[in-house]
Amino acid sequence: MTTQTERSLVLVKPDGFERGLTGEVLGRIETKGYVLVALDIFTPDRDRLAEHYAEHEGKPFYAPLVDFMSSGPVTAVVIEGQRCIEGFRALAGATDPTAALPGTIRGDLGRDWGQQVQANIVHGSDSPESAAREIGIWFPDL
Ligand code: DAT
Ligand code: MG
């Protein structure tokens, strides 16, 4: 059986940029075998983040999350490859970097910093529907 190629939206968050981990994250994606299709580095505004994180509006970590994500440059990346949505989520590890397994991006490179929002270095789309929606938000021309 063959599986159709798919795309996912990855973000290296401001903590990853600040700590100089962008290359490490992109290296892990490429080493895994996924292809970088588009890449842009900029500080996102709140409107874009509100759209991106709409599912979390009203949660206690929502405002700290938008503050954190707009605090500095983010590297937005579209990656491509069969099952790359699931595959990148596996590379990223669990949301809580303390619980994320060693070997994962969050488990190897992240930790709890005592903030209201977990700074966990990367975002990755969680389904084909999310990927299509998020790629439209970050790369409307793609
Ligand atoms: P993920 O990024 O693993 O898909 P998510 O979509 O549930 O996780 O949440 C988005 C981000 O919000 C997550 O990367 C870190 C932060 N976050 C989620 N749950 C949190 C919590 N309980 N406390 C603090 N920050 C949280
Ligand atoms: Mg999510």
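In each ligand, atom 1 is the first atom listed, and ligand 1 is the first ligand listed.
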Using a 4.5 Å cut-off on heavy atoms from C-beta on, say whether the side chain of Q118 contacts that of P97. yes
Is the shortest side-chain heavy-atom distance between P14 and M69 below 4.5 Å? yes
What atoms of ligand 1 come closer than 4.0 angstrom to any heavy atom of V117? 16 (C), 24 (C), 25 (N)
Under a 4.0 angstrom heavy-atom cut-off, which atoms of ligand 1 come close to R89? 1 (P), 3 (O), 4 (O)
Report the part of K13 in contact with ligand 1, treating N, CA, C, O as backbone and CB onward as side chain, heavy atoms under 4.0 Å; options are side chain, backbone, both, neither. side chain
Nearest heavy atom to atom 13 (C) of ligand 1 wins, so pick from D112, N120, I121. N120
Which option wins on minimum heavy-atom distance to atom 7 (O) of ligand 1: H123, R106, H56? H56
Looking only at protein heavy atoms, which one is nearest to atom 21 (C) of ligand 1, and what is the separation? F61 CD2, 3.7 Å
Return the residue, atom name and 0.1 Å-rounded distance of the protein heavy atom closest to atom 8 (O) of ligand 1. T95 OG1, 3.4 Å
Could you tell me if any non-hydrogen atom of L65 lies under 4.0 Å from any atom of ligand 1? yes
Taking the basic N atoms (NZ, or NE/NH1/NH2) and the acidic carboxylate oxygens, is any pair closer than 4.0 Å for D15 and R111? no
Check whether the side chains of E134 and S125 place a donor and an acceptor atom closer than 3.5 Å, and report yes or no. yes
Test your reading of the structure: does Q118 have an N or O sitting under 3.5 Å from an N or O of ligand 1? yes
Look at the side chain of R133 and the backbone N and O of H52, then say whether any donor-acceptor pair between them is shorter than 3.5 Å. yes
Counting only N and O atoms by type, is there a donor-acceptor contact under 3.5 Å from the side chain of R7 to the main-chain atoms of E80? no
Between L26 and I121, is there a shared hydrophobic cluster once you connect ILVMFWY residues whose side-chain heavy atoms come closer than 4.5 Å? yes
